[in-house]
Amino acid sequence: MSQTLCIISTQAPYRGQFAKEALDAALVSATYDIPTSLLLMGDGVYQILDGQSPEQLGRKNLSSMFQSLELYGIETVYVDGESLEERNLDPEQLLPLYTLLEGDAVASFLAQHDKVLSF
Amino acid sequence: MSQTLCIISTQAPYRGQFAKEALDAALVSATYDIPTSLLLMGDGVYQILDGQSPEQLGRKNLSSMFQSLELYGIETVYVDGESLEERNLDPEQLLPLYTLLEGDAVASFLAQHDKVLSF
Amino acid sequence: MKYALAVYGAASTGQSSLTALSFARALLVSGHEVMRVFFYQEGVHNATSLTSPPQDEQNLPEQWQRLIAEHDIDAVVCIAAALRRGVVSVDEAERYELSASNLREGYELSGLGQLLEAAVEADRLVTFGD
Amino acid sequence: MKYALAVYGAASTGQSSLTALSFARALLVSGHEVMRVFFYQEGVHNATSLTSPPQDEQNLPEQWQRLIAEHDIDAVVCIAAALRRGVVSVDEAERYELSASNLREGYELSGLGQLLEAAVEADRLVTFGD
Amino acid sequence: MATLHTVNKTGQPLELCLRALNAGDNVLLLEEGVYALYEASDVLSDLLKHVAVYVLEADVLARGMTNRDNLDIGMVDYQGFVELTEANDKVVSWF
Amino acid sequence: MATLHTVNKTGQPLELCLRALNAGDNVLLLEEGVYALYEASDVLSDLLKHVAVYVLEADVLARGMTNRDNLDIGMVDYQGFVELTEANDKVVSWF
């Protein structure tokens, strides 16, 4: 039986390497053929804000990493709706590659996975 | 004219070396005969909670460092009253070596110092 | 049971390195197997051989190394995270023409795959973040 | 004016090392004097010579070193913080019988007094924390 | 399929944990998460109706905290932490 | 005796800064402090009645933020950051 993995990413982008190292883990997990879900919660939802230009900070743009997830078989990114609301973020401001989890859906979503790796 | 220094310590004890390294700085500042105030705000107020036993964590007890401040001419530790209230801390739970700054007093207290070093 | 641990914090940041070490010791006392400890992010600093804390402070990297040696634990340091932060083996120091190496004995520099492999193979995965 | 900077973050944690570096550059462009940069807490990792980040990432310790050399800035690394975290000069490596040293050239390991002295002597003190 | 949630800070880690809980899960407060005993004792009271909550003894003692409001919370040592990971099917860390 | 306050995160750093301000002080939001534009736009509106507030351009652009609510906030580059430290008598960092 193949184990399923959920990677939870809760930190804002460009705060050290947290967000990037979580994405790295998701990509590598997918290349190991582990059924992998990526869940953004808390400040992690800022990672998919559209229009990021981190080049001035000498940092790689996370958007292209998110867009490459699909090539590795990670079709969507799960996002906690409450975290969006708390930050007054409109869906139109976000990269269009996510699936919203509303209300209790986060708890049941986590329960569906065998292992959880937090970032 | 001798410059006055305020050291602001805002982190909980035993979270890395933040609290200890702020206390080290206060002690060294006093030995350089710099008029030095130590101000605890935010989670920093937990540093003077009485009855800490960090030995199990292999860490030095901050209480003895606070008590030695007086020997170096730092007669009192300033504490932001609002930070105590937010944390539901009663004065009886704290080491009796502090002076409370209530309401607007924090702002005017900071204005009295020439330099501010944050931790 | 088989446990995999992921350690993200340096000995000097937060407290997660110490919590992970104490948990690992308790696991071994309980007769569990620690199949792998994976050091990632700031956690790679736990593998440096160059720490010398004051006498009255514990040397966490040294304590990790002792535990790893005594129980023959598979200790893997993420190679990308380590290179970025200046923790290098003799081989990597040569490859990147660095002036010295500082990886303790008993640790292996390797890729993230080692974390994900352990994550699915272990009965329990526990993450220790700051 | 004379500025003193205190840097608490490593290149890999938060963003404070980069912010401090960019601010220092802007100070110099404006004709100000950077009288001292004091590396404390995790900031001591900015002085390690062993980093080799991927090609498409900047090497902040290298950039700090270049700025410090070009402008002859007094760069002080807190000795207690550095020993605790494994950043050591040749002298300290010998004294503590460590296998290697990793302090970049152009930095001095010294005590906290150097921070407090600079704090009162400078016209402005700016702290960069994570 | 119960889960052990570890929480090492109040603030975001505690908040996110709250919305990820299923009935029957366990919560372990550790490191600075033990400050929830003072900062979030109302939240914990509510929580205790649905899940069991524990604190890690070494972290509580280190910080001089007490179970001041007599919450129905269990105190565990590292051995107890291990037992909680045995009793649950998986572990989720909030930090 | 005006002070420049730098704030690099919302949450505790922003909250503590608010209670340390004197009229005439300046506030500079930088790093993750720029998220206050969305998370705390009401707080900033209020604040602007008493002090001038700035954001650091590189950090705003990096994160894809905009001054969505048209707050009366100045955008500065690092050179502007330097000028703020010149114009004020001291700098207090909240992080």
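Values in this document were obtained by computation on a predicted structure and should not be read as measured data. Proteins come first, then strands; the chains are lettered A, B, ... in the order of their sequence lines, and each starts at number 1.
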Q52(B) side chain to Y14(B) side chain, donor-acceptor N/O pair below 3.5 angstrom: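 A pair is found: one side chain offers a donor N or O, the other an acceptor, under 3.5 Å apart.
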
Donor + acceptor pair across side chains of Q3(B), D114(B) (<3.5 Å):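 Q3(B) vs D114(B): no donor-acceptor pair found between side chains.
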
Under 4.5 Å from any heavy atom of chain B - which part of S93(F):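 Both parts, backbone and side chain.
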
Contact origin within L16(F) toward chain B - heavy atom pairs under 4.5 Å: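 Answer is both: backbone and side chain atoms of L16(F) are under 4.5 Å from chain B.
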
Side chain, backbone, both or neither: which part of [X] has an atom under 4.5 Å from a heavy atom of chain F?
{"X": "L117(B)", "value": "neither"}
{"X": "D43(B)", "value": "both"}
{"X": "F109(B)", "value": "neither"}

Cationic N near anionic O, under 4.0 Å, E86(B) to R19(F):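 Looking at R19(F) together with E86(B), the answer is yes, because their closest N to O distance falls below 4.0 Å.
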
Donor-acceptor pair, side chain of N61(B) and main chain of S63(B), under 3.5 angstrom: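 Yes: the side chain of N61(B) pairs with the backbone of S63(B).
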
Verdict with reasoning, D69(F) to S41(F), per side-chain hydrogen bond (donor to acceptor under 3.5 Å, both in side chains): CA-CA 7 Å; D69(F) 301 332; S41(F) 91; 3.0 Å; yes

